[in-house]
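All values below come from the heavy atoms of this structure, side chains included, with hydrogens, waters and symmetry mates left out. If you're wondering where the values come from, they're calculated on a predicted model, not measured in any experiment. Proteins come first, then strands; the chains are lettered A, B, ... in the order of their sequence lines, and each starts at number 1.
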Number of protein chains: 2
Amino acid sequence: MKTLTSRQQEVRDFIQATQAEQGVSPTLREIARHFGFRSMKAAVDHVRALRGKGVVVWQPRRARSLRLVALGRRRTTVEVPVYGAIPAGFPDGRQQENQECLAVDMAGLGLRPTARTFALQVRGDSMIGKHILPGDYVILEHGKTVRPGDVVAALIDNESTLKTFLLDKGKPCLRAENPRYPQLIPARELVIQGVMVALVRKCQ
Amino acid sequence: MKTLTSRQQEVRDFIQATQAEQGVSPTLREIARHFGFRSMKAAVDHVRALRGKGVVVWQPRRARSLRLVALGRRRTTVEVPVYGAIPAGFPDGRQQENQECLAVDMAGLGLRPTARTFALQVRGDSMIGKHILPGDYVILEHGKTVRPGDVVAALIDNESTLKTFLLDKGKPCLRAENPRYPQLIPARELVIQGVMVALVRKCQ
DNA sequence: AATAATACTATTCAAATGAATAGTATCACC
DNA sequence: GGTGATACTATTCATTTGAATAGTATTATT
């Protein structure tokens with residue numbers, strides 16, 4: 001990324017500000033008007049320069065298609081549905097507008113944006129030994145291959161519970177990470193709903 | 001939010017898909033073409049219905065200004081700069097495109113998007129007692145009022161260190177949350193760079 | 001001193017796009 | 001049996017918008 005001139009930086013900032021305030025990118029004419037250019041060509045030149053420097057991309061002949069590439073990268077953020085508890089099966093993706101969601105940057109977390117990613121809010125301190133606290137949001141992926149030591153959400157008594165997946169003498173089993181509950185549950189006949197890939201904690 | 005008809009849901013999904021794939025919202029004509037409508041009016045009607053049901057907003061006479069309100073809410077995501085360590089003072093916000101960033105959903109975390117929000121990647125296990133592990137990203141806010149018990153980033157020996165802020169006999173001091181390092185440092189003359197507001201942990 | 005990049009004015013054209021009007025057909029609902 | 005919502009066809013108009021051409025002045029850079 002080459003350095004920008006101060007004017008080019010101003011244009012870049014205006015594009016960013018417009019996107020933030022208006023929700024859409026500015027048109028060339030709007031850029032020209034904002035800076036008081038009496039000719040659109042000035043705006044065209046600046047945008048062309050920004051494109052040449054790899055700062056923005058746009059699609060020819062499409063209105064308001066300017067995008068900042070730095071921001072483009074961050075737009076790997078995905079809304080992850082937050083479930084209190086997952087009943088059997090997965091709710092289908094329809095009509096979930098009202099659902100609580102958590103925005104997670106997939107690239108930043110080294111995740112592929114999968115439709116099978118979801119979040120659970122932790123209840124209870126059964127995973128305190130893995131430094132997972134009540135209230136934490138655990139982000140899980142459904143269908144990922146489970147390896148021993150992974151934290152998984154399993155369906156026990158029709159409720160999702162977090163456990164560590166282990167191999168005990170070759171047999172898969174689940175363990176709660178709290179010495180007060182030293183349960184060791186055989187993993188057979190249990191539904192593994194997801195493997196933990198990340199965690200988000202709010203403070204206060 | 002009223003329920004959508006199946007056709008309206010399809011239109012909503014198309015808008016969402018176009019935004020994801022093309023980076024811009026579709027025009028009314030593009031909606032019509034996608035569904036094979038021979039008249040634009042059909043697309044206009046559907047978008048008007050979606051607007052009436054609060055699913056979508058758009059700005060009159062502005063091309064490609066359609067926005068899904070559910071997604072509009074998630075766009076409170078903010079790129080938070082990740083510092084390994086913060087030297088004295090704050091780097092100014094310019095020309096930081098190459099910087100490592102973490103996308104965080106401010107609304108979902110109950111935060112106001114402040115320019116003074118940043119992240120630190122934790123090194124060492126000095127905060128293990130607060131269930132903060134090495135490798136975790138701690139999100140902090142600069143200038144927030146510190147309360148006893150808060151985790152703060154403080155500048156010690158020209159390097160940012162996480163400590164718990166406490167009052168010891170009325171005197172402010174900092175404590176490492178690891179029994180192996182039972183340091184208690186008077187907080188006077190120390191620069192508190194930020195107060196922890198959230199934590200993000202990647203697994204594996 | 002020559003050259004290229006930057007930063008603009010001024011004007012025109014054509015395509016893209018939103019908006020409007022006048023209808024038709026279907027279906028649920030009261 | 002009427003009413004309203006839904007889901008469209010067909011056509012036209014006015015704006016918005018990107019793109020192009022022909023220049024000028026200033027500021028680096030070589």
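- Note: CZ (R33(B)) to C1' (dA15(C)) measures 13 Å, nearest angstrom.
- For the residue pair A63(B) and A63(A), the shortest heavy atom distance occurs at CB-CB, 3.4 Å.
- Across every non-hydrogen atom of L50(B) and Q8(B), the tightest pair is CD2-O, 3.8 Å.
- For H46(B), counting side-chain heavy atoms from C-beta on, the closest listed nucleotide (dC8(D), dT17(C), dA7(C)) is dC8(D).
- Across the protein-nucleic acid pair, R51(B) atom CZ and dG18(C) atom P stand 14 Å apart, rounded to whole Å.
- Taken together, the paired segments of DNA chain C that extend over three or more consecutive Watson-Crick or G-U pairs, each closer than 3.5 Å at both contacts, are C:1-30 with D:1-30.
- One can place CZ of R64(A) at 10 Å from P of dT16(D), the figure rounded to the nearest angstrom.
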Exercise for review: Go through the steps for F35(B) and V11(B) under the test side-chain contact (heavy atoms from CB on, under 4.5 Å), then give the verdict.
Suggested key: CA-CA 9 Å; F35(B) 289 99; V11(B) 174; 4.0 Å; yes
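- If you take CD of Q9(A) and P of dT6(C), they are 15 Å apart, rounded to a whole angstrom.
- Minimum atom distance to the side chain of R38(A) is reached by dT9(C), of the listed dT17(C), dA7(C), dT9(C).
- Aromatic rings from H46(B) and F37(B) are positioned such that their centres are separated by under 6.0 Å.
- Note: F14(A) and H34(A) have parallel aromatic rings, judged against thresholds of 30 and 60 degrees for the angle between ring planes.
- The CG atom of L50(B) sits 10 Å away from the P atom of dT6(D) (whole-angstrom rounding).
- Of the possible donor and acceptor atoms, one in the side chain of Q19(B) sits under 3.5 Å from a partner among the backbone N and O of L66(B).
- For the atom pair K130(B) NZ and R201(A) CZ, the distance stands at 10.0 Å (nearest 0.5 Å).
- In terms of phosphate contacts, T5(A) brings no side-chain nitrogen or oxygen within less than 4.0 Å of OP1 or OP2 of dA5(C).
- Between the side chain of D136(A) and the backbone N or O of V122(A) there is no donor-acceptor pair closer than 3.5 Å.
- Atom pair I31(A):CD1 and dT16(D):P shows a separation of 17 Å (rounding to whole Å applied).
- Rounding to the nearest 0.5 Å gives a distance of 11.0 Å between CD1 of I192(A) and CG of L140(A).
- Of the side-chain N and O atoms in K53(B), one or more sit less than 4.0 angstrom from OP1 or OP2 of dT6(D).
- There is a side-chain donor-acceptor pair under 3.5 Å between Q16(A) and R12(A).
- Comparing G36(A) and S65(B) along DNA chain C, the residue whose closest nucleotide (by nearest heavy atom) sits nearer the 5' end is G36(A).
- No more than 12 heavy atoms of other residues, nucleotides or ligands lie within 6.0 Å of CZ in R38(A), so this atom counts as exposed by the packing criterion.
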Revision key, fill the gap. A correct 5'-to-3' footprint of nucleotides 24-30 of chain D, with B, S and - meaning base, sugar-phosphate only and no protein heavy atom under 4.0 Å, is -------
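- Base engagement by A42(B) is indicated by at least one non-hydrogen atom pair under 4.0 Å involving a base atom.
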Practice item. Evaluate side-chain contact (heavy atoms from CB on, under 4.5 Å) for R64(A) paired with T27(A), printing each intermediate quantity in order. Key: CA-CA 5 Å; R64(A) 301 182 182 279; T27(A) 63; 3.6 Å; yes
Point to revise | Where protein sits on nucleotides 19-27 of chain C, one letter per nucleotide: B base, S sugar-phosphate only, - none, heavy atoms under 4.0 Å | key: B-BB-----
